[in-house]
**Q** 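Sending over a structure as structure tokens; questions will come in a sec.
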Amino acid sequence: MNFNNIITEIEKIDPEVYDRLDNRRNAMQQFARIGGKLALTAIPLALGGMFKKAYAGGGGTMPGIVDVLNFALTLEYLEAEFYNVGTATSGLITDSRVMSGFMTIRDHENEHVAFLTATIKALGGTPVAKPTFDFTAGGAFSDVFSNADTFYAVSQTFEDTGVRAYKGQAGNLISSNEVLTAALQIHSVEARHASFVRSLRSIRMNWDESIRPWITGNSTSGIGAAVQATYAGEENTNQLGIEITNINGFDISWDDASEAFDEPLSMEAILTIVDPFIVS
Amino acid sequence: MQQKNRIPEPVTEQMPATNYLPGRRNFLAKLTGAAALTAVAAACNKETNFGNGANLLSANDQRLAAGKAISMGEGDIAVLNYAYLLEQLEATFYTMVVSNFFSGISNYNRMRFMQIRDHEIAHREFFKNALSTMAIPEIEFDFSMVDFSSRDSVVTYSKTFEDTGVAAYNGAGKYLKNPDYLLAAGKIVSVEARHASFLRSLDAPTSFAANDVVDMNGLDVAKSPLQIVKIVAPFIKTPMDFSKLPG
């Protein structure tokens with residue numbers, strides 16, 4: 001086992017790995033000491049323990065990086081399985097171009113699952129297991145895999161929820177440049193997905209102007225009360241104490257002001273939103 | 001209600017249409033716009049300059065030497081000014097698009113472009129107020145390479161600016177030390193991504209997150225401030241001092 005290689009790999013993900021270790025100046029000495037004292041088979045475990053300590057972040061009020069990544073992984077499992085089932089259900093998405101779009105989304109969500117799993121492992125964490133899902137949410141969306149409109153509505157909700165979830169965790173990743181950047185890179189992909197699905201839904205509703213690629217106020221865009229929590233707070237038009245509506249005399253309507261900024265949600269709020277979709 | 005999976009009839013600009021249909025594309029017309037940007041970007045990557053980029057950069061260098069370039073500030077301020085610069089560029093661009101729409105634009109797309117313009121103005125003014133006395137001044141831009149009467153030219157530049165904006169915010173996040181600023185940037189970048197997704201669909205159906213912007217890990221593009229300013233330099237007339245920007 002080559003400690004240098006392991007640290008080099010982790011450093012690619014987290015350049016501050018040395019800083020996180022207890023003995024920051026003598027990280028390599030620490031590894032050498034462990035290597036000398038432990039049987040070879042025990043080394044990965046010892047390393048895992050060291051990194052857990054470095055990354056766990058438990059005890060404080062902020063979740064650690066691995067906690068955030070496992071939270072994200074849970075959401076990506078949800079999305080990946082949703083699209084895996086949806087794109088494989090014959091008769092659900094019948095237009096080949098729309099199918100192409102959803103296959104793109106499906107592939108991204110599966111890539112996110114793989115990427116987050118690998119990242120969590122590289123940080124010495126344990127990826128959470130894939131939950132068992134109920135995409136009808138206990139019957140609220142009973143025809144989710146037989147009615148395309150329902151499928152698209154749930155899809156939009158998942159994507160908009162995903163955007164808010166990653167946004168809400170950015171601050172908790174500020175200590176790791178590499179993980180923060182990767183999370184931002186996933187975040188904008190979810191927003192691209194959301195925009196596509198929202199446009200699709202608008203077209204299917206005869207170009208309904210109330211369903212835009214961006215989020216207007218806290219509107220569910222016709223999906224209804226079952227998903228209201230996903231849009232709660234999106235009506236905010238004040239950013240860092242600056243009112244955006246009609247800012248500096250420009251004709252910026254309240255709709256514009258709310259659309260121009262997407263709002264975050266806390267981990268707790270997100271987990272409450274996805275809870276009806278998670279059986280165990 | 002609607003029939004299942006209804007897809008709009010073949011897209012023409014006379015119809016209220018976003019585009020989930022392959023439209024006829026004039027690749028040559030598109031290339032004029034796309035190639036200009038790509039060439040500049042490529043040139044910058046190779047550290048060789050030609051075309052507009054070269055003239056502008058050298059003029060900029062002269063102003064820099066004379067100490068007459070606009071300073072971006074340092075630290076978080078520099079990053080916020082950098083975002084302010086990009087939002088100025090986008091807002092100015094869309095204001096020009098909206099003031100003289102290419103002919104035959106559908107009502108649906110007209111509404112989208114007007115909303116995008118409003119979002120970019122909102123972003124621009126937000127940064128101006130947030131930066132207050134530390135803000136860079138209003139910057140002058142050169143969009144002479146854009147043919148605003150051409151749908152293909154407008155769509156190509158629009159989507160490129162939005163994709164560039166997404167890559168810029170994704171790459172700049174790690175340089176922000178204040179979590180409030182990071183969150184504000186996060187609130188904006190996903191809206192830029194929504195714009196990019198929509199505009200890319202005008203160019204080619206279902207290209208909203210194609211593999212030129214999303215990699216094998218499902219990750220969007222992230223570029224450093226120094227990489228981005230080289231890409232947008234051909235559009236900036238005001239001499240700028242980017243030397244304090246990270247990346």
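A note on names: the letters A, B, ... follow the listed sequences, proteins ahead of strands, and every chain is numbered from 1.
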**Q** Could you tell me which portion of A:Asn236 (side chain, backbone, both or neither) has an atom closer than 4.5 angstrom to a non-hydrogen atom of chain B?
**A** side chain
**Q** Can you tell me if CE on B:Met134 sees more than 12 non-hydrogen neighbours from other groups inside 6.0 Å?
**A** no
**Q** Heavy-atom count check: over 12 atoms from other residues, nucleotides or ligands less than 6.0 Å from B:Tyr181 OH?
**A** no
**Q** If every non-hydrogen atom of B:Leu219 is compared with every non-hydrogen atom of A:Ala182, which pair is closest and at what distance?
**A** CD2-O, 3.9 Å
**Q** Where on B:Tyr175 is there a heavy atom nearer than 4.5 Å to chain A: the side chain, the backbone, both, or neither?
**A** neither
**Q** Closest approach of A:Ala191 and B:Ser190, non-hydrogen atoms and distance?
**A** CB-O, 3.4 Å
**Q** Got a donor-acceptor contact below 3.5 angstrom from the A:Lys167 side chain to the B:Gly186 backbone?
**A** yes
**Q** For chain B, which of A:Ile215, A:Leu116, A:Asp255, A:Asp107 has the most heavy-atom pairs under 4.5 Å?
**A** A:Ile215
**Q** At a 4.5 Å cut-off on heavy atoms, which part of B:Val221 comes close to chain A: side chain, backbone, both, or neither?
**A** backbone
**Q** Who wins among A:Ile247, A:Ile105, A:Asp251 for the most heavy-atom pairs under 4.5 Å with chain B?
**A** A:Ile247
**Q** Where does A:Arg164 contact chain B at under 4.5 Å (heavy atoms): side chain, backbone, both or neither?
**A** neither
**Q** With a 4.5 Å cut-off on heavy-atom pairs, point out which of A:Ala170, A:Ser188, A:Gly168 contacts chain B the most.
**A** A:Ser188
**Q** Does any non-hydrogen side-chain atom of A:Phe250 lie less than 4.5 Å from one of B:Asp118?
**A** no
**Q** Please find out if less than 6.0 Å separates the ring center of A:Phe261 from that of B:Phe126.
**A** yes
**Q** So, B:Arg194 and A:Asp160, do they make that salt bridge, N to O below 4.0 Å?
**A** yes
**Q** Using 0.5 Å steps for rounding, measure from the CG atom of B:Leu176 to the CD1 atom of A:Ile174.
**A** 7.5 Å
**Q** Can you tell which of A:Asn110, A:Leu240, A:Thr245 has the highest number of heavy-atom pairs within less than 4.5 Å of chain B?
**A** A:Leu240
**Q** Are A:Phe196 and B:Arg200 close enough, and set up right, to give a side chain to side chain contact (heavy atoms under 4.5 Å, CB included), and what steps lead you there?
**A** CA-CA 10 Å; A:Phe196 166 79; B:Arg200 291 175 70 87; over 6 Å; no
**Q** Find the distance between CG (B:Leu182) and CG (A:Leu180) and round it off to the nearest 0.5 Å.
**A** 5.5 Å
**Q** For B:Glu138, look at atom CD and say whether over 12 heavy atoms of other residues, nucleotides or ligands are found less than 6.0 Å away.
**A** no
**Q** Surrounding CE of B:Met114 (heavy atoms of other residues, nucleotides or ligands, distance under 6.0 Å), is the total greater than 12?
**A** no
**Q** Non-hydrogen atoms of chain B under 4.5 Å away: do they reach the side chain of A:His187, the backbone, both or neither?
**A** side chain
**Q** Minimum heavy-atom separation for A:Pro264 to B:Leu183, with atom names?
**A** CG-CD1, 3.8 Å
**Q** Taking the side chain as every heavy atom from C-beta outward, state whether A:Trp207 and B:Asn107 have any pair of such atoms under 4.5 Å apart.
**A** no
**Q** Taking all non-hydrogen atoms of both residues, which atom of B:Ala209 and which atom of A:Thr104 are closest, and how far apart?
**A** O-CG2, 3.9 Å
**Q** List the atom of B:Gly218, the atom of A:Val189, and the distance in Å for their closest heavy-atom pair.
**A** O-CG2, 3.5 Å
**Q** Distance check, rounded to the nearest 0.5 Å: A:Glu111 atom CD versus B:Met216 atom CE?
**A** 6.5 Å
**Q** Identify the two heavy atoms, one from B:Ala222 and one from A:Thr181, that lie closest to each other, and give their separation to 0.1 Å.
**A** CB-CG2, 3.9 Å
**Q** Out of curiosity, A:Ile244 CD1 to B:His119 NE2, how far, rounded to the nearest 0.5 Å?
**A** 12.0 Å
**Q** Evaluate the side-chain proximity of A:Asn248 to B:Lys128: yes if any heavy-atom separation is below 4.5 Å, no if none is.
**A** yes
**Q** Measuring from atom OG of A:Ser202 to atom CZ of B:Phe198, what distance do you get when rounded to the nearest 0.5 angstrom?
**A** 9.5 Å
**Q** Using a cut-off of under 4.5 Å on heavy-atom pairs, state which of B:Asp180, B:Val213, B:Asp215 scores highest against chain A.
**A** B:Val213
**Q** Side chain to side chain donor-acceptor pair (under 3.5 Å) for A:Gln185 and B:Asn170? Distances and angles first, verdict last.
**A** CA-CA 6 Å; A:Gln185 289 175 282; B:Asn170 282 348; over 6 Å; no
**Q** Rounded to the nearest 0.5 Å, what separation is found between the NE2 atom of A:His108 and the CG atom of B:Asn211?
**A** 7.5 Å
**Q** Between B:Arg124 and chain A, which part of the residue has a heavy atom less than 4.5 Å away: side chain, backbone, both or neither?
**A** side chain
